[in-house]
Asks: 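Pasting in a structure now, in structure tokens, and then I'll have a few things to ask.
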Amino acid sequence: MNNGFASVARLTLAVFILVVVLAPIMLMFATSLKGDEQQILIDFGTWRAFWVSPGDISLENYRQVLSDVQAPLLRFLLNSAVITASVVVVGIFVNSAVAFSLSRLEFKGRGLLLAVFVSLIIIPMEALAVPLLLMMNRVGWLDTYQVQIVPFIAHPFSIFLFYQFFTKLPRDLDDAAYVEGASPWQVYWGLALPLSLPVIATVAILQSLEIWNSYLWPLMVTRGVEARPVSLALAQFFGTPPPIWGDVMAFSVLMSLPVLLVYLGFQRWFIQSAVNAAIK
Amino acid sequence: MANVRLTNLNKNYGSVEVLKNIDLEIKSGEFCVFVGPSGCGKSTLLRSIAGLEDVTSGDVHIGDDRVNDMRPKDRGISMVFQSYALFPHKTVYENIAYGLRIAKVPKKELEEKVAEAARALKLEPLLQRKPANLSGGQRQRVAIGRSIVRNPRVFLFDEPLSNLDAALRVTMRTEIGQLHSRLDATMIYVTHDQVEAMTLADKIVVLRDGIIEQVGTPVDLYERPDNTFVAQFIGSPKMNLFTSEDLTEKGKKCLPDADTLLGMRPEHMRVSDMKNGLVALTPTHSENLGEYFLAYFESATGEEVIAKLYEKSVPDADGKVYLETIKSRLHRFNKETGLRVA
């Protein structure tokens with residue numbers, strides 16, 4: 001009896017959480033597919049805001065958003081994709097290499113260096129933004145891709161995740177490889193990196209979310225559309241009164257889709273990594 | 001194939017001395033086994049030969065080369081690890097070929113060498129599998145395959161069988177012995193299992209606390225242990241040591257003086273009587289192992305004594321069991337130093 005009640009309570013709670021999490025996403029999708037702006041405003045006060053009848057589905061909002069010359073969405077998406085992919089891909093190699101050195105190579109000051117990296121995790125981006133802006137301005141990088149890529153490649157939390165993983169890799173693997181003739185680089189590239197796929201997935205997801213959704217830094221360093229990411233464009237789009245909700249939501253959907261695809265692509269590894277972290 | 005020479009080798013971790021003044025010569029083609037209890041330094045010694053540990057002082061020679069400053073890959077060695085250390089993301093084929101690929105061996109030669117090793121170790125049907133899909137014995141064979149494929153000068157084995165179950169250990173032990181006969185290579189093998197040491201070795205090196213206690217053939221170590229540590233480490237159950245207080249009048253005559261211990265191996269002891277027995281013991285319990293009994297006793301000084309008997313011992317009227325052994329099977333050691341008395 002008690003077990004039955006507990007199961008029902010758990011299920012109810014799970015459904016409630018699911019609804020709370022999914023509601024804004026459903027609102028976004030449903031609104032983006034409604035062509036009549038008046039109807040959208042009427043629906044907002046009712047449950048119909050979360051639903052669109054199959055007969056009313058229209059891609060008009062998407063067409064408008066994609067053809068807007070003032071705010072070229074595809075360009076913004078491309079900018080965000082280039083910036084995010086660059087930070088994530090280069091970041092994975094750089095951060096894993098740093099972590100490998102810290103966990104596997106013997107050199108003076110290794111412990112201190114690790115302590116510094118770990119302590120850097122707690123320093124928020126906002127605290128570094130102004131001095132970083134001055135530096136970037138000095139080197140003439142404002143309004144470029146690199147100003148949004150280079151400062152974010154080294155990522156202390158990613159280094160920490162890789163470090164944690166590498167310290168758990170059996171030393172015998174390295175030793176076997178060294179006996180077989182491998183160099184430290186070959187051990188990193190040929191063994192440590194391929195074996196760290198779950199961490200790579202975790203880092204890829206966390207960093208892509210962080211970069212794709214970043215707002216403050218792009219706002220400080222970009223002016224025109226050439227290097228402006230989609231997160232900033234959405235704010236700009238939304239901030240122009242009066243908001244056209246159908247377009248805003250279509251824009252939001254298009255902005256969310258790439259991140260969702262990345263997550264779905266890495267989901268298996270991400271969950272495996274999270275589970276491993278939980279049980280070890 | 002090469003000889004290995006260690007001269008005055010020392011290894012410290014901070015203030016802890018792990019290896020102390022090790023001098024050892026392993027001849028070309030010899031199967032040398034390092035044995036000793038946990039923490040005696042046997043694995044550290046092996047890793048120092050491999051180049052995975054830097055030595056604090058002393059020299060390591062492989063063939064004519066002083067290899068102290070050489071990296072593992074330049075020493076001409078290969079190593080099989082206790083954990084197998086197979087690369088989990090690579091197939092059996094790629095694991096075996098790993099060293100050859102790094103050495104940039106031409107493709108045709110690489111394929112031939114891998115095929116040859118796979119054939120010799122019966123791994124041909126498994127070449128495309130990943131290590132996770134292999135049994136313990138198969139994994140160990142892959143690790144051996146990876147080590148033989150490069151034709152090293154010296155093979156190093158670090159407790160390669162200790163992760164296997166008892167039956168598989170016997171099979172693999174035989175295979176390693178056959179491998180040595182076939183390759184006629186210099187092999188250095190670390191184990192804490194004295195059966196492996198006795199059955200495989202041409203030469204056994206017994207270590208304790210970073211010091212070599214004795215070097216010799218298995219028969220030497222068994223029949224003429226240099227000291228009480230080796231005497232009790234080699235042989236199972238361990239050798240019984242008796243002080244003069246434990247011995248009968250006849251037993252005391254076997255000792256030159258009261259400062260000498262008398263050693264008897266459990267398998268050499270047999271039931272005797274009050275008149276002929278060398279020791280009088282109080283029986284405690286026995287284990288029937290089918291073929292023989294392991295009989296447990298307590299000596300006059302309260303030490304546990306084990307004898308391997310083929311008949312059940314019956315106590316005499318005084319409640320004691322009298323045991324003896326033939327003269328040539330008696331061992332004598334100095335009570336203070338533990339060293340063998342000639």
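A, B, ... follow the sequence lines: proteins, then strands. Residue 1 opens every chain.
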Asks: With a sphere of 6.0 Å drawn around OH of B:Tyr13, does it hold more than 12 non-hydrogen atoms of other residues, nucleotides or ligands?
Replies: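 Yes, the 6.0 Å shell around OH holds more than 12 heavy atoms from other groups.
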
Asks: Locate the shortest heavy-atom distance separating B:Lys90 from A:Leu191; write the atom from each residue and the value.
Replies: CE-CD2, 4.4 Å

Asks: Go through the atoms of B:Leu52 and report whether side chain, backbone, both or neither lie under 4.5 Å from a heavy atom of chain A.
Replies: side chain

Asks: For chain A, find its close neighbours in residues 34-45 of chain B: heavy-atom separation under 4.5 Å, sorted by number, or none.
Replies: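 Expected list: none.
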
Asks: Would you say A:Asp175 and B:Glu53 make side-chain contact, with heavy atoms under 4.5 Å?
Replies: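 No, their side chains stay 4.5 Å or more apart.
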
Asks: Where do A:Tyr178 and B:Pro72 come nearest, in terms of heavy atoms and distance?
Replies: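 That would be O-CB, 3.9 Å.
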
Asks: Name all residues meeting the side chain to side chain contact (heavy atoms under 4.5 Å, CB included) criterion together with A:Pro170; count only those two or more places apart in sequence or in a different chain, and write none if there are none.
Replies: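 Applying side chain to side chain contact (heavy atoms under 4.5 Å, CB included) to A:Pro170 gives A:Leu173.
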
Asks: Looking at every non-hydrogen atom in both residues, tell me the closest pair between B:Pro88 and A:Leu195 and how far apart they are.
Replies: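 Closest approach of B:Pro88 to A:Leu195: CG-CD2, 3.5 Å.
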
Asks: Can you list every pair that meets salt bridge (charged side-chain N to carboxylate O under 4.0 Å, His left out) and has a residue in residues 119-138 of chain B, with sequence neighbours left out?
Replies: none

Asks: Holding to side chain to side chain contact (heavy atoms under 4.5 Å, CB included), I want the full list of residues that pass it with A:Val89, two or more places apart in sequence or in another chain.
Replies: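 Side chain to side chain contact (heavy atoms under 4.5 Å, CB included) list for A:Val89, sorted by chain: A:Phe93.
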
Asks: Please name the pair of heavy atoms, one in A:Val179 and one in B:Met79, separated by the smallest distance, quoted to 0.1 Å.
Replies: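 Smallest interatomic distance, heavy atoms only, reads CG1-N, 3.7 Å.
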
Asks: Measure across A:Ala182 and B:Tyr98 and return the closest heavy-atom pair with its distance rounded to 0.1 Å.
Replies: CB-OH, 3.6 Å

Asks: Which atoms of B:Leu100 come close to chain A, meaning under 4.5 Å heavy atom to heavy atom: side chain ones, backbone ones, both, or neither?
Replies: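 For B:Leu100, neither part sits under 4.5 Å from chain A.
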
Asks: Given B:Arg146 and A:Glu180, is the side-chain contact (heavy atoms from CB on, under 4.5 Å) satisfied, shown in steps?
Replies: CA-CA 9 Å; B:Arg146 189 173 62 187; A:Glu180 292 294 309; 3.8 Å; yes

